[in-house]
J.: 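Before we start, here is the structure in question, set down as structure tokens.
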Amino acid sequence: MAAFHQRVFSGMQPTSTLHLGNYLGALTNWVAMQETHDCIYCVVDMHAITQGLDVWGGPTELRRATREVAAAYIAAGVDPKRSIIFNQSQVAGHAELAWVFNTVARLGWLNRMTQFKEKAGKDRENASVGLYDYPVLMAADILLYKATHVPVGEDQKQHLELARDIAQKFNNDFGAEIAERGLATGDLGFFPLPEPMIQGPAPRVMSLRDGTKKMSKSDPSDYSRINLTDDAETIAQKVRKAKTDPEALPSEEKGLEGRPEAENLVGIYAGLSGSDKAAVLAQFGGGQFSAFKSALVDLAVDRLAPIAGEMRRLLADVSHVDAILHEGADRARAIAEPVMADVKDIIGFVRR
Ligand code: TYM
């Protein structure tokens, strides 16, 4: 039976510095998936510019952050020889396919996107058209490579559902053309329906100051998150100051219900140690928070401080990082171009 080639695609925006949520929700899974899949990891600079200039910080900051995010991928364990690492704007197919998908996606679908509502806030009239269209570009990112698996944090689930809807509608709308040209994979269609891979004990890391809010770059308090560039002392301080409640840790997972801060820290410990919440509670349940926090400080420093060190080392030679991005873009283009050529034929665009 015909099946799509198993390919992973995922990306992160170069807006300010990556944090523990990006690391545990996505990056650790990216590293693991290199063992089983062909992987493409993108620095999505075209997504970064969809918010106001005050958010992405302008050209100098965008260049800095693009290189920093690429360095973070490598420092965390993405191997640029095995996997493809590149920045989105170097491969023109992302914008080209997004335009085609703009005509496939329906306004009603985009109107349901909760992340647009959150990011646009009250002043929706003043949000950029790009911010509204963001999920369509994301669908293009994935489908330009016919990627089958997309490792992301929980907050991207709705965007992945939209990507599947777009793939399905394209397959249906152009079914006859696709079949006539022999461009379907078996009876599955031209595009695969990409699977979200939302995995591990920390698919949604919460703020260290408020266990009901997602850890994010936009939180004004730096104590709400651990940045991948934080040094050992800063990491330790942030964990020690993290909000907790007065109870001891439970011995079983159901005891974490209604205790968002405790649940978050246990999830973080599980994510950093490569275990699960049940195993962490079996070890620390019944004990005081202070003992657990000391262990978490040691673990977090042990796992994260070397990443910051490796990032600093990589960023000391920007031309090396740029060379990796160029080479990655060449390899990405080699996969994307035949797909885009087929899309053009399917649509009826005359080409050379
Ligand atoms: P971005 O840059 O907001 O986040 C990058 C990745 O980190 C995950 N993440 C989290 N996971 C757990 N807990 C958190 N607090 C947390 N915060 C962020 C996100 O889920 C994401 O996996 N739209 C994407 C970028 C993108 C993309 C793509 C992803 C563009 N095109 C194609 C996959 C495929 C985004 O905003 O990521």
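Indexing begins at 1, ligand by ligand and atom by atom, following the structure's order.
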J.: Give me the ring orientation class for Phe9 and His94: parallel if the planes are under 30° apart, tilted from 30 to 60°, perpendicular past 60°.
T.: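 Answer is tilted, since the angle falls between 30° and 60°.
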J.: At a 4.0 angstrom heavy-atom cut-off, what protein residues surround ligand 1?
T.: Phe9, Ser10, Gly11, Met12, Gln13, His19, Gly21, Asn22, Gly25, Ala26, Val44, His47, Tyr134, Met138, Asp141, Ile142, Val150, Val152, Gly153, Asp155, Gln156, Pro203, Arg204, Val205, Lys214, Met215, Lys217
J.: Establish, yes or no, whether a centroid distance under 6.0 Å links the rings of His159 and Phe116.
T.: no
J.: Remaining members of Leu137's ILVMFWY cluster at a side-chain heavy-atom cut-off under 4.5 Å?
T.: Met46
J.: Please verify the inter-ring angle class for Phe101 with Phe191; under 30° counts as parallel, over 60° as perpendicular, anything in between as tilted.
T.: perpendicular
J.: Got a sec, which residues hit ring-ring contact (aromatic ring centres under 6.0 Å, His included) with Tyr73, two or more places apart in sequence or on another chain?
T.: Trp30
J.: Sequence neighbours left out, what passes salt bridge (Lys or Arg N to Asp or Glu O under 4.0 Å) with Lys241? Give chain and number order.
T.: none
